[in-house]
Undergrad: 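Encoded as structure tokens, here's the structure I'll be asking about.
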2 protein chains.
Amino acid sequence: MVEQQRAAVADSGTRTRTRRAIVDAAVALLARDSGASLADVAAAAGVGRTTVHRYFPERSDLLAAIGADVLEKVEAATAAARLDQGPAPEALERLCQEYFELGAGLTLMFDSPQLMTWSGWDEETPADRALSRLVERGRAEGTLDAELTPEWVQSVLWSLLYSAWELSRRREASKHTALTLCLRTLGKALAP
Amino acid sequence: MVEQQRAAVADSGTRTRTRRAIVDAAVALLARDSGASLADVAAAAGVGRTTVHRYFPERSDLLAAIGADVLEKVEAATAAARLDQGPAPEALERLCQEYFELGAGLTLMFDSPQLMTWSGWDEETPADRALSRLVERGRAEGTLDAELTPEWVQSVLWSLLYSAWELSRRREASKHTALTLCLRTLGKALAP
DNA sequence: CCTGAGTGGAACAGTCGTGTTCCACTCAGG
DNA sequence: CCTGAGTGGAACACGACTGTTCCACTCAGG
């Protein structure tokens with residue numbers, strides 16, 4: 001019976017796939033139009049509006065799921081960048097490459113912080129702290145400009161990533177070119 | 001009679017003051033919440049909702065007025081920076097200082113380009129062209145990194161300005177400190 | 001085959017923002 | 001003082017989005 005209940009909440013197979021389709025479509029859509037309706041999300045996901053409400057009773061439930069999803073990916077990307085290994089500038093470069101893969105999630109994180117008002121966004125996620133630690137290490141080692149505060153470095157990192165992503169989204173540069181520009185700019189800006 | 005008609009469209013004195021109050025309040029409000037209602041704008045401006053509709057019959061009329069207003073300020077700021085005088089890096093610094101004064105208009109320009117869909121925003125304003133010319137000049141003179149394209153430099157300029165403005169808006173730094181961080185970062189990033 | 005999980009669509013009520021109309025109020029200038 | 005420009009508020013119709021219910025359909029697995 002307990003398994004029945006659990007199944008009703010998060011079954012495997014079809015349910016998982018449908019849920020993913022909705023969340024992914026919502027991320028891509030809301031990144032372009034933060035005012036998109038649930039009907040738009042449903043259409044983008046290729047499902048009926050009813051189905052969306054079946055998985056996420058209220059709009060806020062969908063938003064929370066998106067927040068959790070993006071947060072999870074950010075944490076995974078941060079872990080993959082192994083920030084505590086090697087010179088700080090190179091670690092930052094790895095982090096940029098990982099974050100760049102977040103794609104539309106990048107846009108949501110950057111210009112919809114109001115949208116990201118779910119549980120675990122108190123300006124202090126593990127990823128934030130890991131990045132802060134890295135910047136502090138770089139300043140101490142003399143491999144990062146000590147004039148720049150960790151908060152500012154973080155802002156610059158996100159805004160340059162956002163700019164690069166938008167550049168490639170608007171077809172003004174390939175993803176590779178955009179990332180290269182971003183890395184070169186960031187590297188020079190943060191060098192001592 | 002002609003004067004009567006003109007007066008009905010854009011009288012001087014009280015009407016001009018009320019109009020300014022509405023536009024300014026709308027810029028400040030929409031920068032924080034792009035989904036703010038006209039009732040919110042009216043409240044923020046300290047006028048009745050009816051009055052807003054008297055000056056801007058439809059929502060799109062208000063948005064167009066905001067677009068025109070911001071555009072005008074951007075052009076004025078660009079002119080004040082005298083981009084064709086002195087070394088390119090210094091001209092860019094002057095431009096940053098001017099643009100930083102745009103305040104909330106900065107936010108609207110940056111993350112609400114969809115909102116800026118009025119007449120004169122065809123990705124090619126005079127200010128855009130003046131900035132492009134400046135960057136080209138700097139590249140030719142060897143005072144700006146030739147690896148960075150004018151479009152990218154423009155993106156970086158706006159995103160760093162936006163970051164700096166947000167930093168000061170969130171009280172994480174004074175306006176002066178934020179601008180200093182921005183200028184230092186931009187200067188290093190764009191140096192050859 | 002047949003059963004139930006998963007789904008889509010139609011229909012409905014409720015809410016909110018928009019745009020409009022109308023009327024009473026204020027107050028500065030003649 | 002008094003007149004009219006400027007205003008605010010109430011009320012209304014309308015449309016869009018939301019959240020809910022109900023029913024018919026599909027289709028994979030036992």
Side-chain angles (χ1 to χ4, degrees), chain A residues 1-26 29-30 32-67 112 114-115 117-118, chain B residues 1-27 29-67 112 114-115 117-118:
Chain A
M1 189 177 69
V2 172
E3 289 175 353
Q4 293 286 340
Q5 284 183 354
R6 187 176 304 270
V9 174
D11 200 350
S12 59
T14 308
R15 290 190 69 87
T16 305
R17 231 177 311 123
T18 302
R19 189 190 154 91
R20 275 247 59 83
I22 295 174
V23 172
D24 289 345
L29 190 58
L30 291 177
R32 273 178 298 154
D33 175 17
S34 62
S37 72
L38 292 186
D40 296 331
V41 172
V47 303
R49 192 170 69 92
T50 313
T51 301
V52 173
H53 274 103
R54 234 189 296 274
Y55 285 81
F56 309 100
E58 297 194 4
R59 190 176 222 275
S60 59
D61 294 324
L62 175 57
L63 265 37
I66 290 175
S112 301
Q114 12 133 352
L115 191 148
T117 318
W118 105 290
Chain B
M1 188 178 70
V2 172
E3 290 175 351
Q4 293 285 343
Q5 285 183 354
R6 187 177 304 270
V9 173
D11 201 351
S12 58
T14 308
R15 290 191 68 87
T16 305
R17 230 178 311 125
T18 303
R19 188 190 156 91
R20 275 248 59 84
I22 295 174
V23 172
D24 289 346
V27 168
L29 190 58
L30 291 177
R32 273 177 298 155
D33 175 15
S34 62
S37 72
L38 292 186
D40 297 331
V41 172
V47 303
R49 192 169 69 92
T50 312
T51 301
V52 173
H53 274 103
R54 234 190 296 274
Y55 285 81
F56 309 99
E58 298 194 3
R59 189 176 223 275
S60 60
D61 295 323
L62 175 57
L63 266 36
I66 291 175
S112 302
Q114 12 132 351
L115 191 148
T117 318
W118 104 292

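Throughout, a chain's letter reflects where its sequence line sits, starting with A, and its residues are numbered from 1.
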Undergrad: To the nearest Å, give me how far apart CG (Leu62(A)) and C1' (dG19(D)) are.
TA: 14 Å
Undergrad: A cation-pi test, strictly: NZ or CZ of Arg15(B) under 6.0 Å from the centre of the six-membered ring of Tyr55(B) and no more than 45 degrees from its axis. Yes or no?
TA: yes
Undergrad: What is the nucleic acid contact for Arg59(A), judged by heavy atoms within less than 4.0 Å: base, sugar-phosphate only, or nothing?
TA: sugar-phosphate
Undergrad: Heavy atoms only, 4.0 Å cut-off, all strands: where does Gly46(B) land among base, sugar-phosphate and nothing?
TA: sugar-phosphate
Undergrad: Kindly point out which of dG6(D), dG19(C), dA10(D) is positioned nearest to the side chain of Thr14(B)?
TA: dG6(D)
Undergrad: Could you state the atom-to-atom distance from CZ of Phe56(B) to P of dT18(C) in whole Å?
TA: 14 Å
Undergrad: For the atom pair CG (Asp61(A)) and CZ (Phe56(A)), what is the distance rounded to the nearest 0.5 Å?
TA: 8.0 Å
Undergrad: So does Val47(A) get a backbone contact from the side chain of Thr51(A), meaning a donor-acceptor N/O pair under 3.5 Å?
TA: no
Undergrad: Could you check whether the side chain of Arg54(B) and the base of dG8(D) have a donor-acceptor pair of N or O atoms closer than 3.5 Å, going by distance alone?
TA: yes
Undergrad: Closer to the 5' end of DNA chain C via nearest nucleotide, is it Gly48(A) or His53(B)?
TA: Gly48(A)
Undergrad: Could you give the CZ-to-C1' distance, from Arg17(B) to dT7(D), as a whole number of Å?
TA: 13 Å
Undergrad: Taking only N and O in the side chain of Thr51(B), is any of them less than 4.0 Å away from OP1 or OP2 of dG8(D)?
TA: yes
Undergrad: Between the main-chain N or O of Leu30(A) and the side-chain N or O of Asp33(A), is there a donor-acceptor pair closer than 3.5 Å?
TA: no
Undergrad: OP1 or OP2 of dT7(D) versus the side-chain N and O atoms of Thr18(B): is any pair under 4.0 Å?
TA: yes
Undergrad: Would you kindly give the CZ-to-C1' distance between Arg19(A) and dT7(C), to the nearest whole Å?
TA: 17 Å
Undergrad: Would you give the length of the straight line joining atom CZ of Arg59(B) to atom OG of Ser37(B), rounded to the nearest 0.5 angstrom?
TA: 7.5 Å
Undergrad: Whenever both distances are under 3.5 Å in a Watson-Crick or G-U wobble pair, mark it; put DNA chain D into dot-bracket that way, with [ ] for crossing pairs and | when the partner is on another strand.
TA: ||||||||||||||||||||||||||||||
Undergrad: Is the distance from OP1 or OP2 of dG6(D) to the nearest side-chain N or O of Arg15(B) less than 4.0 Å?
TA: yes
Undergrad: Compare side-chain N and O positions of Tyr55(A) against OP1 and OP2 of dT7(C) and report whether any pair is under 4.0 Å apart.
TA: yes
Undergrad: Expressed as a whole number of angstroms, how long is the span from Asp61(B):CG to dT18(C):P?
TA: 13 Å
Undergrad: Arg49(B) CZ to dC22(C) P: how many Å, rounded?
TA: 16 Å
Undergrad: Quick one: side chain to side chain donor-acceptor pair (under 3.5 Å) partners of Arg20(B), sequence neighbours excluded?
TA: Asp24(B), Asp69(B)
Undergrad: In Å and rounded to the nearest 0.5 Å, what is the CZ to CG distance from Arg19(B) to Leu62(B)?
TA: 9.0 Å
Undergrad: Whole Å only: how far is the CZ atom of Arg20(B) from the P atom of dG6(D)?
TA: 18 Å
Undergrad: Using a 4.0 Å heavy-atom cut-off, does Ser37(B) contact any base of the nucleic acid, only the sugar-phosphate backbone, or nothing at all?
TA: sugar-phosphate
